[in-house]
Protein chains: 2
Amino acid sequence: MRKVGTVEHGSDTSRRQRMAPEARRAAILDAAQTLFFARGWDAVTIADVIESAGISKGGFYHHFAAKEDLLDGVVDRFTREAVASAEAARATSSGDALVRLNAFLAGAIRWKAKQVPTTRFVLDALRRPGNDMLFHRIQAASAAAVRPVLEGMVADGIAEGRFDVPAADLVVEAILALSQGRRNVVEAAIRATEAGDLDGATATLDGRMAAEGAFMDRMLGLPPGSVALSNPEEYRRMLRASARREDIPRRARCPQAR
Amino acid sequence: MRKVGTVEHGSDTSRRQRMAPEARRAAILDAAQTLFFARGWDAVTIADVIESAGISKGGFYHHFAAKEDLLDGVVDRFTREAVASAEAARATSSGDALVRLNAFLAGAIRWKAKQVPTTRFVLDALRRPGNDMLFHRIQAASAAAVRPVLEGMVADGIAEGRFDVPAADLVVEAILALSQGRRNVVEAAIRATEAGDLDGATATLDGRMAAEGAFMDRMLGLPPGSVALSNPEEYRRMLRASARREDIPRRARCPQAR
DNA sequence: TCCTTTACCAACCGGTGGTCGGTATGTAGA
DNA sequence: TCTACATACCGACCACCGGTTGGTAAAGGA
């Protein structure tokens, strides 16, 4: 038996409003996502989350069994968005396989651009130890979500006799890897933009995308210039938008500087 | 001031043997590596490591500033081995760029085969939350170590007029991604081997490697069959060897089943 | 022999994820 | 309207983990 005494656990002043379960869950998830993106996985404590979400520790553990469930929730949200975007791009586009592929890729890039805050965070945090987990999970989940769509498009192109590939699954793997490797270029471009060199940043990013297009032409057995990823105006617009956002403030206290 | 009293800190019975710094460091690193590979990053505590290495907590922190340094040490070892293997393959091979590339790839695959215990661990643990970090670090460090070698070989081939590629850096990215994506196939092949289907496993693995070769032919602008990765006899031998090893035992106590 | 450095130790600490007994707010049936 | 049960929520408490600290003894040079 524990010595609890006559403590009034739920005094009227401290008791919070009762919310619908899904709403409370979403609110906690929102708070957690913001904090994770600002500080990284292991720099965020349950105490931070419950303070930000306005709930007690016990209340938190009523909705989530463990801290890891927060990660799952955030990653799930990303995955769902990516899938929805990819499926939408696939559904709305018409024409032959190449046209649809171009539309899909453009849509995916545009979705990625909307994720610049996240990207920015990942760029900052990639080398910081505590964020490996969050980064890895998001990347793996996104790739897993996009892969089947890409596979379908490549298979369609082959079936239509439009694409000529020796190994379709390897092509998909390579395309996925390219989009992940693009991160470094985007990082450089964003930094250059913030440093004032919008022209140089645009050239860098557009050059990378043109090279990716040429590479995909080669992989899919298409004549050069078929996969059209070069789009300087759009990239300029994206970079300019990315430079305008504010950084999410970091935690004030820093327990050990190491 | 802390109340220490007259405690005998280093009684004769408990004081350990004094070792050479590098030897002790290596011993701790060995213990840590075994534990990490068996249980994963965050399931291993400092207490586990020091118990396994036969040293006190204070002694541990004399050699390592933080738990993360253990990770760095383990990953560094891997990276160094990969680099050494790659450089050796590059140095010993003679002939034109294609011959050297084939020799290099064969050497890299053979090195990977020696890592089957690790691979086995990663395969088991990839979905377990605690190992994301270890997995991600090893993969990133290996890729970072191999990338410059690959870049050099591709550049050589282009300079010799042997390869025809639109974007060399993207080709390297794709090759790296292919070797990482191969993991899933290796996983399936090892499982099949352990289930008794050595022929099927060999066919699966060799098929994948043949496809990778064909894909690289395409990327490098070479006639089909140039990059020779198909080698059923060797893969059969590797798989048979991989099936013979024992699993590292897991931790006995499990704090919460969750 | 003395002194400095170094390898090592045990106790301790702040903080973190997670648990537990208990309380208030619904809501369904009598 | 009263009662009974499920559920949203609370906050004190706990085990334990990574890391710090003050101190000890062996090694090694002068």
Study note, to complete from the structure: Whole-Å distance, A/Ile50 CD1 to C/dG15 C1', equals 14 Å
Review point. Among D/dC9, C/dG17, C/dA7, which is the nearest nucleotide to the side chain of B/His63?
Key: C/dA7
**Study point:** Nucleotide C/dG15, atom P - distance to NZ of B/Lys67 in whole Å
**Key:** 20 Å
Practice item. Mind calculating the distance between CD1 (B/Ile55) and P (C/dA10) to the nearest angstrom? Key: 11 Å
Revision key, fill the gap. Among C/dA10, D/dG11, C/dG17, the one nearest any side-chain atom of A/Thr45 is C/dG17
**Study point:** salt bridge (charged side-chain N to carboxylate O under 4.0 Å, His left out) partners for B/Glu212, two or more places apart
**Key:** B/Arg182, B/Arg208
Practice item. Give a yes-or-no answer on whether the side chains of B/Thr79 and B/Asp76 include a donor-acceptor pair shorter than 3.5 Å. Key: no
Exercise for review: Take the protein atom CD of B/Glu68 and the nucleotide atom C1' of D/dC17, then report the distance between them rounded to whole Å.
Suggested key: 15 Å
**Study point:** Gap between atoms OH and P, on A/Tyr61 and D/dC14 respectively (whole Å)
**Key:** 17 Å
Exercise for review: Would you check if the side chain of A/Ser142 reaches a backbone N or O of A/Gln139 as a donor-acceptor pair within less than 3.5 Å?
Suggested key: no
Study note, to complete from the structure: The reported gap from CZ in A/Phe60 to CG in A/Asp69 (rounded to nearest 0.5 angstrom) is 7.5 Å
Review point. How do B/Phe60 and A/Ala47 order along DNA chain C: which one's closest nucleotide is nearer the 5' end?
Key: B/Phe60
Exercise for review: State whether A/Arg24 places a side-chain N or O below 4.0 Å from either non-bridging phosphate oxygen (OP1 or OP2) of D/dA8.
Suggested key: no
Practice item. Quickly work out the A/Met19 CE to D/dC9 C1' distance and round it to whole Å. Key: 13 Å
Exercise for review: Find the distance A/Phe64:CZ to D/dA8:P and express it as a whole number of Å.
Suggested key: 13 Å
Practice item. Find the distance A/Asp48:CG to C/dG15:P and express it as a whole number of Å. Key: 12 Å
**Study point:** DNA chain D: 5'-proximal contact among A/Gly58 and A/His62 (nearest heavy atom)
**Key:** A/His62
